[in-house]
Amino acid sequence: VLPNLALENGELDANYFQHVPYLNDFNENNGTHIKAYYKVHFEPMGIYAGRKTVYAAGDKVVVPSDKSNYDRALELLELYGMSDATIVMVEAQNIPLALADTDFAVINGNYALASGVTDKLLWSEDPSLTIANTMANVIAIKEETEKVKVLVEALQQPEIEQYIKDQFKGSVVYIGKNV
């Protein structure tokens, strides 16, 4: 919330922490006028092993409670034949902490990385699908400035894509395109 409020009131030229559905929801709920400018990366959501690694109907699966990630988690569960799971909603950032108490969990890539559970990944979203374009993290701006243009030019350098590939090994995928 704070980076968007700072952007709206002119304290920042840009910020970089959100995807377009979150930004649109924020604008609608707060009367702000922030727009997505450049898609930098995508963090595939994944299904992670908790107490189990083989799914059976009715297994307990923890999913994010926020609207955009909840819907995304249900689509991922359906894709992997887990739509008949027992769903428990938890705030996204707390899901890695729940792995020991659940059969499976659907975790956002950034939270999986931060909590060190990437080795428990069983299945994830395919970055070539539409979801990657929709849920890409963006540079958000209120208005285009020279500083913003320079920032985007820097993010378009081949070294940025290679760094993301080397550093995050598929947990973060470079998109690098204009909105």
Checklist entry - Is the closest side-chain heavy-atom distance between Val88 and Thr102 below 4.5 Å? => result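 A side-chain contact is absent here, since even the closest heavy-atom pair is not under 4.5 Å.
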Next on the checklist: If you define the side chain from C-beta out and look only at heavy atoms, does anything of Ser124 sit under 4.5 Å from Ile47?
Outcome noted: no
Checklist entry - Would you say Asn9's side chain and Glu11's backbone share a donor-acceptor pair under 3.5 angstrom? => result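 Yes; judged by distance alone, with no hydrogens or angles, the pair exists.
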Checklist outcome for this item: Contacts satisfying ring pair (Phe, Tyr, Trp, His ring centres under 6.0 Å) that involve residues 105-134 (not counting sequence neighbours) are Tyr80-Trp123
Checklist entry - Picking from Val63, Leu76, Ile107, what satisfies side-chain contact (heavy atoms from CB on, under 4.5 Å) with Met45? => result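 The residue from Val63, Leu76, Ile107 that satisfies side-chain contact (heavy atoms from CB on, under 4.5 Å) with Met45 turns out to be Leu76.
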Checklist outcome for this item: What one should report as the nearest heavy-atom pair of Leu23 and Ala140 is CD2-CB, 4.4 Å
Checklist entry - More than 12 heavy atoms of other residues, nucleotides or ligands under 6.0 Å from CD of Gln156: is that the case? => result yes
Identify each donor-acceptor pair in which a side-chain atom of residues 127-135 lies under 3.5 Å from a protein atom, sequence neighbours left out, and give them as a table.
| residue | atom | partner | partner atom | Å |
| --- | --- | --- | --- | --- |
| Ser128 | OG | Asp126 | OD1 | 2.8 |
| Ser128 | OG | Asp126 | OD2 | 3.2 |
| Asn133 | OD1 | Lys39 | NZ | 2.8 |
| Asn133 | OD1 | Lys177 | NZ | 3.2 |
| Thr134 | OG1 | Thr130 | O | 3.3 |

Checklist entry - Below 4.5 Å, heavy atoms only, C-beta onward: do Asn4 and Phe17 meet side chain to side chain? => result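 Touching, per the 4.5 Å side-chain cut-off.
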Item to check | side chain to side chain donor-acceptor pair (under 3.5 Å) against Glu159, all qualifying residues, sequence neighbours excluded | outcome: none
Item to check | Smallest separation among heavy atoms of Pro3 and Asn15, with atom names | outcome: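 Heavy atoms only, the tightest pair is O-ND2, 3.1 Å.
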Item to check | Expected output: side-chain Asn30 to main-chain Phe26 donor-acceptor under 3.5 Å | outcome: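 Yes: the side chain of Asn30 pairs with the backbone of Phe26.
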Checklist outcome for this item: Under a side-chain separation threshold of 4.5 Å, the hydrophobic residues clustered together with Val173 are none
Checklist entry - Less than 4.5 Å apart, any side-chain heavy atom of Val90 and any of Pro64? => result no
Checklist entry - Looking at Leu7 and Ala14, what are the two nearest heavy atoms and their distance? => result CD1-N, 3.6 Å
Checklist entry - Between Asp84 and Tyr55, do the side chains contain an N or O donor and an N or O acceptor separated by less than 3.5 Å? => result yes
Item to check | For Glu146, salt bridge (Lys or Arg N to Asp or Glu O under 4.0 Å) partners two or more places apart | outcome: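 For Glu146, the residues satisfying salt bridge (Lys or Arg N to Asp or Glu O under 4.0 Å) (neighbours in sequence not counted) are Lys149.
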Checklist entry - Mind checking what makes side chain to side chain contact (heavy atoms under 4.5 Å, CB included) contact with Ala56, not counting sequence neighbours? => result Lys52, Asp59
Checklist entry - Given side chains that start at C-beta, do those of Leu77 and Ser83 come closer than 4.5 Å, heavy atoms only? => result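 A side-chain contact under 4.5 Å is absent here.
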Next on the checklist: Treating Arg51 as the side-chain partner and Phe104 as the backbone partner, does any N or O pair qualify as donor plus acceptor under 3.5 Å?
Outcome noted: no
Checklist entry - Taking the side chain from Glu8 and the backbone from His33, do they hold a donor-acceptor pair closer than 3.5 Å? => result yes
Next on the checklist: According to side chain to side chain donor-acceptor pair (under 3.5 Å), who are the partners of Asn110, at least two apart in sequence or on a separate chain?
Outcome noted: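 Result, side chain to side chain donor-acceptor pair (under 3.5 Å) vs Asn110: none returned.
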Checklist entry - Taking 4.0 angstrom as the limit, do Lys35 and Glu143 come out as a salt bridge? => result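 Here Lys35 does not pair with Glu143 in a salt bridge, since their nearest N and O are not under 4.0 Å apart.
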Item to check | Lys60/Asp103 ion pair, N-O < 4.0 Å | outcome: no
Checklist entry - Taking the side chain as C-beta and beyond, is there a heavy-atom pair between Leu74 and Ile87 under 4.5 Å? => result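 Yes; the side chains approach each other to less than 4.5 Å.
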Next on the checklist: Going by side chain to side chain contact (heavy atoms under 4.5 Å, CB included), name the residues that satisfy it together with Val150, two or more places apart in sequence or in a different chain.
Outcome noted: none
Checklist outcome for this item: Residues joined to Phe168 in its hydrophobic cluster, side chain to side chain under 4.5 Å directly or through other members, sorted by chain and number, are Tyr16, Tyr37, Tyr38, Val40, Leu113, Ile139, Ile141, Val148, Leu151, Val152, Leu155, Ile160, Tyr163, Ile164, Val172, Tyr174
Checklist entry - Got a sec, which residues hit salt bridge (Lys or Arg N to Asp or Glu O under 4.0 Å) with Asp71, two or more places apart in sequence or on another chain? => result Lys67
Checklist entry - Asn24: what forms a side chain to side chain contact (heavy atoms under 4.5 Å, CB included) with it, not counting sequence neighbours? => result Val20
Checklist entry - Can you name the residues that form a side chain to side chain donor-acceptor pair (under 3.5 Å) with Gln93, not counting sequence neighbours? => result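 Partners of Gln93 by the side chain to side chain donor-acceptor pair (under 3.5 Å) criterion, ordered by chain and then number, come out as Glu91.
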